[in-house]
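Order of the sequence lines sets the chain letters (A, B, ...), proteins ahead of strands, with each chain counted from 1. Keep in mind it's a predicted model, so treat the numbers as computed, not measured.
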There are 2 protein chains.
Amino acid sequence: MDDCLKILKDHKFKITPKRKAVIELFLTSRKCLKPYDVYKAVRKRLDSLGLPTIYRILDEFCRIGIIKRLQSDDGQLVYAFCSSQKKHSHYFVCLNCNKVQEVSVCNINGISRYIEKNLGAKVESHQLQLEGICSECK
Amino acid sequence: MDDCLKILKDHKFKITPKRKAVIELFLTSRKCLKPYDVYKAVRKRLDSLGLPTIYRILDEFCRIGIIKRLQSDDGQLVYAFCSSQKKHSHYFVCLNCNKVQEVSVCNINGISRYIEKNLGAKVESHQLQLEGICSECK
DNA sequence: TCCATAAATAGAAATCATTTCTGTTTATGG
DNA sequence: CCATAAACAGAAATGATTTCTATTTATGGA
Ligand SMILES: [Mn+2]
Ligand SMILES: [Mn+2]
Ligand SMILES: [Zn+2]
Ligand SMILES: [Zn+2]
């Protein structure tokens, strides 16, 4: 939590109850959440809350690297907590419970080299999302 | 083209001018396209065309593996031609011209093994999207 | 070749996620 | 404290996507 608040301060964002509640939610749930999921969960804890606020906060958090936007099958916005701000990211998403786990190893260099050699292109970033069933759901 | 028509037949879909035009477009452009892009392009060749038809065709083609849905930065639906129907896919998308090139090599097994060993999870599929600048745009 | 029939389609309308706008409230540095 | 810009709620607008319905069309079998 303190790490996240530091990121906010570093980017001159104010520490507000809404922002803290959103961080808290991502820290505790560790799942990928849609804006409305976040809205429903955060609204319980606060007296008033607007959905546009959630959209704005999620977008801000995404820009400063507190959360990360994931791929979703239905095209809706989906976010998950993200501990590192890299040009690349690997997530494992449980198809059953939606839990998201970050994967630190990266062996994409081989593929990148292949592309740069065979397609003559310059690879600047990549995103890998793996899906399956997590240990608890098995 | 014939390959695609065969896929349609195999799935008991009728061969219609709209469907052929959409296939034609993906085969010739080789780019990732949004539904409205497809609509604009196909409408030129045909006397009448509804946007819902495009959405439906894109969804159908996606289900039977003629095209593939990609990640898009703005959350809109984006599709690209797809020659193989695998549980996994690797695309290289040019950030400048939007051209999409399929990448055949796969070294994700290492990451999958890592996940299965360290997270105790079962990996069922993955999607890797690499972005950069293609040879022509460099 | 012709027909019956289910599939495909156009166009209008509805839906719904997301964004914009505006007036009010709030966090924070000084 | 206070001034001030940032953050916010709530209403409204937007725009992508989906649904609905009446009409057209592709196609397997006569
Ligand atoms: Mn990587
Ligand atoms: Mn692979
Ligand atoms: Zn799970
Ligand atoms: Zn290019």
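Which of D:dT27, C:dA27, D:dA9 sits closest to the side chain of B:I15 comes down to D:dT27. Comparing D:dA16, C:dT18, C:dA10 against the side chain of A:P35 picks out C:dT18 as the nearest. Here the nucleotide nearest the side chain of A:P52, chosen from D:dG10, D:dT17, C:dA10, is D:dG10.
For A:Y55, a side-chain nitrogen or oxygen approaches OP1 or OP2 of C:dT18 to under 4.0 Å. For A:K18, a side-chain nitrogen or oxygen approaches OP1 or OP2 of D:dA9 to under 4.0 Å. OP1 or OP2 of D:dC8 sits under 4.0 Å from a side-chain N or O of A:T16. Residue B:R56 places no side-chain N or O under 4.0 Å from the OP1 or OP2 atom of C:dA8.
With DNA chain C read from its 5' end, the first of the two nearest nucleotides for B:Y39 and B:F13 is the one closest to B:F13. Mapped onto DNA chain D by nearest heavy atom, B:Y36 and B:K14 fall at different nucleotides, with B:Y36 at the one closer to the 5' end.
Here the C1' atom of nucleotide D:dA16 and the CG atom of B:L33 are 16 Å apart, to the nearest Å. Atom CG in A:L51 sits roughly 10 Å away from atom P in D:dA9 (whole-Å rounding). One interatomic measurement links the two molecules: CG of A:D37 to P of C:dT18, which rounds to 11 Å at whole-angstrom precision. One interatomic measurement links the two molecules: CZ of A:R69 to C1' of C:dA17, which rounds to 12 Å at whole-angstrom precision. Computed from coordinates, the A:D59 CG to D:dC8 P distance equals 13 Å when rounded to whole Å. Atom P of nucleotide C:dA27 and atom CZ of A:R19 are separated by 11 Å, given to the nearest angstrom. Rounded to an integer number of Å, the gap from B:K12 NZ to C:dA8 P is 13 Å. C:dA17 atom C1' lies 12 Å from atom CG of B:L77, rounded to whole Å.
Nearest heavy atom pair, residue A:A21 against residue A:L46, reads CB-CD1, 4.2 Å. Between A:A80 and A:F26, the shortest heavy-atom contact is CA-CE2, 3.9 Å.
Classification of A:K6 and A:D10 as a salt-bridged pair holds, one side-chain N sitting under 4.0 Å from a carboxylate O.
Taken to the nearest 0.5 Å, the CD atom of A:E60 stands 13.5 Å off from the CD1 atom of A:I7.
D:dA26: Watson-Crick or G-U partner is C:dT5, with both key distances under 3.5 Å.
Within the 4.5 Å cutoff, the side chain of B:M1 has heavy atoms near those of the B:L27 side chain.
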